[in-house]
Every structure is written in structure tokens, then in C-alpha cells.
Amino acid sequence: MQETAYQQRLKAKGRAAMDIRQLRYFLAIVEEGKISQAARRLHIAQPPLSQQLKLLETEMGVTLLERNTRRLTTTEAGKLLYDRAKIILELVNGTMEEIKELSEGVRGTLAIGTIASLGAKLLPERIHDFQKRYPEVRFQVWEGDPNRVMELLENRIIELGIVRLPVDNGMFNMINLPAEPLVAAMSRHWNIGDNQPYVKLSDLENKPLMLLRRQQGTSMYHHRMYIMDLVEDACREAGFEPKIICESNDIMTLLTWANHDVGITIVPQSAMNLIPNAGLQFKEIIEPSIMSRPSAIIWLKGRYLSTTSKKFLEYFPLDKPCLEQ
């Protein structure tokens, strides 16, 4: 079979068309949009990086990046190489991790991202049991809102995330976690519902309420699933307008203010574990009950999961509740 000009160039050079290092360089350039920024990210000088890009384009016989704008843009060939390079590097990294794990067993660092309330409920006992079984494993736990956790997953900083939905089904695998009700957290100052473990929604009329602020998410689910929306809708259906005195994106702030008699906060039931011994009363809302947004443990589709992560996922069986009382 007659050799193509491309094959002849490779043969003359005596080397493969590209190597793993060049793919890493190319991904960094595309993702940063500028060679100078990619060089800083890769901790190398800019001229050698520019030379590697030119060499890659010469070897492949195509233009991969357009340089006529302030920010580099990918050509059709560049887009194809970028998509394939991500898959190749993921496979290479996963293979290296898998080979390493064969010799070392379950060890290393497990990085998990979580929203505060769910992390306080779901992680302590599971991590305690897991660490007893696999004492060579260390943990890194990152806290943030769902968008922050998803960003950490996309940037490969963490392997697993515990979030409230919605998330992008096309990007993440998930194990759905059982639903949980919203509860009213209050100090004894308010004395609502006597000593009952519940409070009727109508009992919260004209009471100062403090709610979690809306957070933007991906649109797999109906947007009116945020706590503010859920509470406002439920109150209006019950015939009254809620008296909201505070909005915050920090659940600890709301619980702390509730503990200081500022008002009553409505939070997911799992938040009961965030500030133990604070003297707060947590009463489930009834007539009607209000369920929190669904939650899940998620990880990137197409990403190699370490043996450690796979073993930890076994602590979240599908057929058992993960928010047991």
C-alpha cells in the first residue's frame, strides 16, 4: 500500500505523530484560550509551548487553532483533537491509577465535595466505618453549594459529590438519595407547637422567617424547587403570605441567627446535625408537609473512578435509606 504524505513525514522524522505530553499541552492551550496562560498553568516557558503547538500542527498537516483574535479559537480539526485528547488522557490516567492500585490496594486520598447539611448527615458515620476498614485511605472534604461541587468535579479536584438536584444528567452519573422533609428550626423563645415534634404550616403565619437564597442550577428539573420557592408556594396555597425577614446562601448563618432568636429558619432535615447542642428545636412542618429538593451522590460520566471511590459508593446502597432517623 502506498504511503501517504503524512506517513512519509512521520517516517522521515522517525517518531509518532504526537505523544501524551503534546496532548496535555494542547488541552491546556484550548482550555486557557491563550498560550501565556497555558504556560503558567503547565509551569513551563511560553516559547517552548508555542513551538510544541507548531510542531503538532506541522506533524498533523492541519491548523488546530486560529490565531487572528485576542483569544485562540479551535478549528474543526482542533475541536476533534480536543474531544479525543480528553478521552485519551482520561484513559491513560485511569490505566495508570488502576495499575497502581493493583500493587498498592485500597489506599491514597479520596476527595469528596458536599453541601453542608447533607455532608453533616451522610459522611461522619460512613467515613468512620470506611477508615476502620481501609486505614490507608485519607480524606479530603470540600464544602460548597451544588454549583461549586459540580465545578470541583468538572475540574477533577474531587471524585464524588453530594448535592441537591438538579444536575446535568448528560454529564454526571448519580445514585439518588431518599427525600427528606423541610423542618422549622427555632429557639424556645417562639414556643410554637408546644412540645410536639411538628408544627403546622399555618402556625408560621406572621412569624419572621429566614430562608436559603435561590441558587442557579442546570435545568433538568422544574426551577421552582428552591427552598424559598417551595415555602412561598406552600404558604400561598395555605392562604397567607410568608413574612420573610432574611435570605442567605449560608445555612450556618441562618441556624446561628435562629439560635439567637432573630427568627425561624426553614431548612432540610439533615441540617439538624450541623450545630449540635445549640438549643434549637427542629420541628417537621405538617399540613402540608414540604419536601426538600431531591439529593444524590454524583460523579463525572466517562471519568475513571478509583477503587477507593468505588468502595466508598458501596456505602450508599440503592435499596436502603441514606437519611435514616
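For the single chain, residues carry numbers from 1 onward in sequence order.
For the side-chain hydrogen bond (donor to acceptor under 3.5 Å, both in side chains) test, residues two or more places apart in sequence or in another chain that qualify with Arg24 are Asn93. Taking the ring-ring contact (aromatic ring centres under 6.0 Å, His included) definition, one finds that Phe312 meets it with Phe130, Phe316, sequence neighbours left out. For Asn206, the side chain to side chain contact (heavy atoms under 4.5 Å, CB included) criterion is met by no residue, not counting sequence neighbours. Judged as a side chain to side chain contact (heavy atoms under 4.5 Å, CB included), and not counting sequence neighbours, the contacts of Lys243 are Ile245. Residues passing the salt bridge (charged side-chain N to carboxylate O under 4.0 Å, His left out) test with Arg41 are Glu31, Glu32, sequence neighbours excluded. By the side-chain hydrogen bond (donor to acceptor under 3.5 Å, both in side chains) test, Asp250 pairs with Thr253, sequence neighbours left out. Residues passing the side-chain hydrogen bond (donor to acceptor under 3.5 Å, both in side chains) test with Arg138, sequence neighbours excluded: none. Annotation: side chain to side chain contact (heavy atoms under 4.5 Å, CB included) contacts of Arg148 (sequence neighbours excluded): Trp142, Asp145, Glu151, Leu152. Considering only residues two or more places apart in sequence or on other chains, Gln131 meets the side chain to side chain contact (heavy atoms under 4.5 Å, CB included) condition with Pro135, Phe139. Considering only residues two or more places apart in sequence or on other chains, Ser187 meets the side-chain hydrogen bond (donor to acceptor under 3.5 Å, both in side chains) condition with Asp261.
Residues Thr256 and Asn259 fail the side-chain proximity criterion, which asks for heavy atoms closer than 4.5 Å. Counting heavy atoms from C-beta outward, Leu123 and Ile162 have side chains that approach closer than 4.5 Å.
The other members of the hydrophobic cluster of Ile286, by chain and number, are Tyr198 (side-chain heavy atoms under 4.5 Å, ILVMFWY only).
Listed by first and then second residue, the salt bridge (Lys or Arg N to Asp or Glu O under 4.0 Å) pairs that reach into residues 73-82 are Glu76-Lys79, sequence neighbours excluded.
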